[in-house]
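The structure under discussion appears below in the form of structure tokens.
Just so you know, these numbers come straight off a predicted model, no measurement behind them.
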Amino acid sequence: MLPLFGDERRREINLGGSSSVTTSQATILNQARARRIERETVRKRQDSAVTIQAWWRGITDSRRVRQELRELFAGDITGLTGLRCLVLIGQDTDFLDKWAVEVLSQGSLFSLAHGRDREHWLVLMRQVFFLLLRSVSDRPRSERAVSCLQVLCTLLNPASATEALGFSGNQLTVSITEYAVRHDLYQYLARSIQTIGPETKNAPTLPFFVELIYRPLNTLERSSEAFLQCFRSLVIHILTIPLLPNRIPISSLTALSAKLPLSSLSVLSTSIAEIVSTIPLQSHVHLIANLYAFTSPRYAILPLPSLKTYLQLMTASLSILPVHVLDPPSVSDARAPTMSWADDDDSESEQPQVAVVTSFAPTPRLPPLDARTQKRLQILPSPSHLNSLLKAAQHDHGALPDLVSWLVNLCIVCPTRKSKILSTLLLYGGGGLVREIYRDYVRNSPLGKNENLSSLMDPSLASAWPPLLLLTELYTQSLLTMGDDEFFSNSRTSLSLDELVAFSRALFNIAFTLYWRDDQTKIQEGGVPGLNLRWVGVRDKITKCLQAIHARDSRKPFMPENHWHISSQIDMNSFIDAAVFEEQQLDESSAPRTLTKRQLSHFSPRLGVLNNIPFAVQFETRVLIFRRFVENDKWNRNRDTRGRIDVSIRRGHIAQDGYDRLAEADLRAPIAITFIDQFGEPEAGIDGGGVFKEFFTSLCKEVFDTDRGLWLETKRNEIYPNPHSYATEPHNLNWYRFIGRILGKALYKGILVEVAFAGFFLAKWLDKQSFLDDLASLDPDLYQGLIFLKNYTGDVEDLALNFTVAIEEFGVAKAVDLIPDGSNVPVTRENRLQYIYLTSHYRLSKQIKLQSEAFFEGLSDMIDPKWLRMFNQQELQILLGGVNAPVDVQDLRTHTQYGGLYDNDEPTIQTFWKVLEDFDQEQRRLFLRFVTSCSRPPLLGFKQLNPLFAIRDAGSDEHRLPTSSTCVNLLKLPRYTSETKLRDKLLQAISSGAGFDLS
């Protein structure tokens, strides 16, 4: 070959001998390098020239060959030669269309598929099938693609092949079908259908694309590996198309729905994990919507294995979706608080809503969903859909575990619909689902058993969690609207008491184990296998159920002794010391004072137990811890130098003067109270660090007087804030705030309060829900009406109720909506539990929300809220007012101090104790109130009375009555010489209510 650029390969030789110029070594090396680079450049140019020449020859030859092929093809379009030419020509739309039209018009598609040309035809036709498929996927809207699609459909139709070839035609169809599936048939079909768009249902190609979807599934043997691969590809690529049912004409949609082999869904049971991992996150929403659309009409006739597989596939897809993704756009913000109608929240509150999140990492966000997809997804948690699934699952109980897993995931992904889902489940079939789940799946579960507590998070126990979690949610929900009569009646809608004992103990073991773990990071970040739920979420759900069960047990005990305690598992003394130390460390750290219960559990396992499941520790122990917390706080504050606050209070204006002088004062500082009598003179009295106790006792008599308008009494004589709008005026809210601060001061100083608060009001202090049964003491008629509604067996709509509640203010009755536009929402069988809950919640919580918040704001100024969360309502009442137990005279005598001429052996003292021993309990309580201002003894005995009870000599005048100084728990007792005289005078004194200044 002649060189294009001259013969650079000839070496240049210098014949002139050595140069006379001396050349350096570096120059020689540079010259050699330059010559080498020049030779390399020349070589590359020559190689490029060769390549260009070869390419051009190839192009020329290809054009020539293609022209020859076209000529051959034109001479034998439907023959074997034409078929070979078509394959060799490749992706040429015009030739493919021409061939398709020709074979269809002549009916010669299968004319070469027999005899000696059969194998050649089959090999060529597979490749032609692929060329046709690619061609129509590039132009799915084109009418010219119809002929190609007709050929494709014919090739995949066993009837057409059998008609042309007899029995052997079916084998050819199977072979072509398997080839098509292996070469991405469903990917091309999915691309084509999505290109056409959901608004172009009249596209002439759509019916053929739909036929190509179901033909392979009807052709392949259902037990074959090819059928599994085909079905798997259809699920991955076709059922993930957005708005699939909306894209297809009605006639084609009917055919597709009828031809889809959903009865054979069970073949996918071993491929679910592969399917879920293959599908992109955003496509799972469409898979769920399309699976529901095609499968739900067949729930009743699906074979059990296929129904189980359907539920497993739906569950697997739900489990990886972000929370709220199935909610309407207004509530689907992943950062929004998870609220439902059974959450103790008031939507009209102006306070900012705060969501507790486990991580600030970006939350997966999906593209906005079409309104039609959202509408379809909203049917998933609807009562009609849930009832149809429950009916199908209970027809054969084998599907119930899978349905339970699906329901748990649905509640997680649709938190705003959770309460309605649970209510539907509770009402289904007369309400026996709770017992069924417990007896069939939870009673014998390894979860919560003492021997398995160390392996709670083991993946091998994954299948045991959904039944336990659903039962926990269902039982918590049921307790919201369950009266004590129903609870203790052993009805089929609830667990028996024996079952509840075992169930609650299992929950208790799980909760305590999760709180007590040293590795709280795993609790915060790890999750239950197969569920989109972290362990901290599991713990929260179980804790909520335990608190509800314990609240019922606290009102009317039914649990065995020590059922709730863990004192046998840990050393209480070290627990107390560690809890106090952790509280002190927390207080000294930079952590905010108002930590949530979940945050507290992360910082300190012991404080997590005390604030979430405090009943795990005996009440007396928690009282000791509370007093230690207070003492630590006092010690920390004593390091601050602050002066005593001197306050003068007029006897006739105790409440108003207290409010005026102490509403903004620092109540942690020492306060010295001086009473001013009616003449304007300071009263004489013993000031044991200030007569605050006497002031507090008198203040309570005034501010808790129901005639003042701030408080009302229940039928049980328990007080709660007045729900009247008058009580929500700013001035009155300031009064509630002041009363809260004063009561906090009493708790801080250990002063007992002779006031009984309603349990539903105390629940507000502890951030706990109120229950339907709490309504019995507040409004018995409304309570009975709601119980009647709950148990009503007729048509609920005949009662003509709507989602409003009637209130009366200033003689004018009005209706308040319980939900938006509640006056136009009728109460039905499906939503009556929601109505019952919202009605009781309105009366027990929403009407007194502002008053309770103001009161608790003042209380929190003195007492850390997490200290109070160590107690339930009944325990908090005892902490405030002492234990409603018999007065132990011997304990009082053991912890009594004497003054003046008295000691334990003095005759008057001996007679006094004999008289007190002879008093009945009512008289003893009157005596206790006379000397301490509270008729109930301290919880931990009289050793906790501060200061200790004391008796002082009051002289020898036997006509004088005994008197007391309640501010220092002092009895001033004259030296009576007879037992009768002492008894009479003492009874007269304790029954007359002598004033402080009489001493």
Side-chain angles (χ1 to χ4, degrees), residues 68-137 144-186 188-189 205 207-222 224-227 229-230 233 259:
E68 293 174 358
L69 289 174
R70 289 189 181 97
E71 294 172 358
L72 287 173
F73 175 78
D76 188 16
I77 294 179
T78 60
L80 198 61
T81 300
L83 200 59
R84 289 193 180 102
C85 293
L86 192 65
V87 171
L88 292 172
I89 292 172
Q91 206 66 46
D92 191 312
T93 300
D94 293 336
F95 274 76
L96 290 170
D97 289 346
K98 185 175 182 180
W99 176 82
V101 170
E102 194 69 26
V103 295
L104 287 174
S105 63
Q106 295 184 16
S108 58
L109 182 60
F110 295 103
S111 60
L112 302 175
H114 50 77
R116 59 188 181 85
D117 294 328
R118 175 187 175 93
E119 291 302 322
H120 298 292
W121 178 89
L122 179 59
V123 171
L124 292 169
M125 192 55 66
R126 288 172 178 170
Q127 299 178 58
V128 169
F129 185 99
F130 182 70
L131 292 173
L132 292 172
L133 184 63
R134 287 186 58 186
S135 174
V136 296
S137 69
R144 294 182 60 196
V146 170
S147 57
C148 295
L149 284 167
Q150 287 177 315
V151 171
L152 292 174
C153 291
T154 304
L155 288 171
L156 296 188
N157 188 349
S160 300
T162 302
E163 182 181 352
L165 304 174
F167 178 75
S168 63
N170 186 67
Q171 296 176 341
L172 286 177
T173 305
V174 170
S175 177
I176 294 172
T177 300
E178 290 177 347
Y179 180 87
V181 171
R182 286 197 305 271
H183 288 77
D184 303 330
L185 168 67
Y186 286 108
Y188 285 108
L189 294 179
T205 55
F208 300 102
F209 282 123
V210 173
E211 184 177 347
L212 288 173
I213 290 175
Y214 62 75
R215 280 295 178 199
L217 291 166
N218 299 145
T219 299
L220 299 172
E221 181 66 37
R222 298 195 176 185
S224 66
E225 182 65 27
F227 180 82
Q229 182 184 356
C230 180
S233 295
K259 297 288 187 178

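- Counting heavy atoms from C-beta outward, Leu152 and Phe208 have side chains that stay 4.5 Å or more apart.
- Distance OG/Ser135 to CZ/Phe95: 13.5 Å, rounded to 0.5 Å.
- Two residues are said to be in side-chain contact when any heavy atoms from C-beta on lie closer than 4.5 Å; Arg118 and Leu122 fail this criterion.
- Interatomic distance, Leu132 CG to Ser137 OG, rounded to the nearest 0.5 Å: 11.0 Å.
- The CG atom of Leu212 sits 10.0 Å away from the OG1 atom of Thr177 when rounded to the nearest 0.5 Å.
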Working for side-chain contact (heavy atoms from CB on, under 4.5 Å), residues Leu124 and Leu80: CA-CA 9 Å; Leu124 292 169; Leu80 198 61; 3.9 Å; yes
Mind running side-chain contact (heavy atoms from CB on, under 4.5 Å) on Thr205 and Val136 for me, showing each step along the way? CA-CA 9 Å; Thr205 55; Val136 296; over 6 Å; no
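- Residues meeting the side-chain hydrogen bond (donor to acceptor under 3.5 Å, both in side chains) test with Gln127, sequence neighbours left out: none.
- With a 4.5 Å cut-off on side-chain heavy atoms, Val87 and Val128 count as touching.
- Tyr179 OH to Leu185 CG: the interatomic distance, rounded to the nearest 0.5 Å, is 12.0 Å.
- Between the Tyr186 side chain and the Ile213 main chain, a donor and an acceptor come within less than 3.5 Å of each other.
- Using bins of under 30°, 30° to 60° and over 60° for the plane-to-plane angle, the ring pair Phe130/His183 lands in the perpendicular bin.
- Taking each heavy atom of Leu131 and Leu86 in turn, the nearest pair found is CD1-O, 3.9 Å.
- Between Glu211 and Leu156, the closest side-chain pair of non-hydrogen atoms is not below 4.5 Å.
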Would you please test Thr219 and Val174 for side-chain contact (heavy atoms from CB on, under 4.5 Å) and show each step? CA-CA 6 Å; Thr219 299; Val174 170; 3.9 Å; yes
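- Between Leu217 and Lys259, the closest side-chain pair of non-hydrogen atoms is not below 4.5 Å.
- Separating the OG1 atom in Thr78 from the CG atom in Leu112 is a distance of 7.0 Å, to the nearest 0.5 Å.
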Please step through side-chain contact (heavy atoms from CB on, under 4.5 Å) for the pair Trp121 and Leu83, ending with a clear verdict. CA-CA 8 Å; Trp121 178 89; Leu83 200 59; 3.8 Å; yes
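- Ser175 contributes no side-chain N or O that, together with a main-chain N or O of Gln171, makes up a donor-acceptor pair within less than 3.5 Å.
- Taking each heavy atom of Pro216 and Cys230 in turn, the nearest pair found is CB-SG, 3.5 Å.
- The number of heavy-atom neighbours closer than 6.0 Å to CD of Gln106, taken from other residues, nucleotides and ligands shown, is above 12.
- Checked against side-chain hydrogen bond (donor to acceptor under 3.5 Å, both in side chains), Asp92 has no partners two or more places apart in sequence or in another chain.
- Residues satisfying the ring pair (Phe, Tyr, Trp, His ring centres under 6.0 Å) criterion with Phe227, sequence neighbours excluded, are Phe231.
- With respect to Asp94 and Arg144, a salt bridge is recorded, a charged nitrogen being found less than 4.0 Å from a carboxylate O.
- Checked by atom type, the side-chain pair Arg215/Thr173 shows no donor-acceptor distance below 3.5 Å.
- With rounding to the nearest 0.5 angstrom, the CZ atom of Arg126 is 8.5 Å from the CD atom of Glu178.
- The heavy-atom pair separating Leu104 from Gln150 by the smallest distance is CD1-OE1, 3.3 Å.
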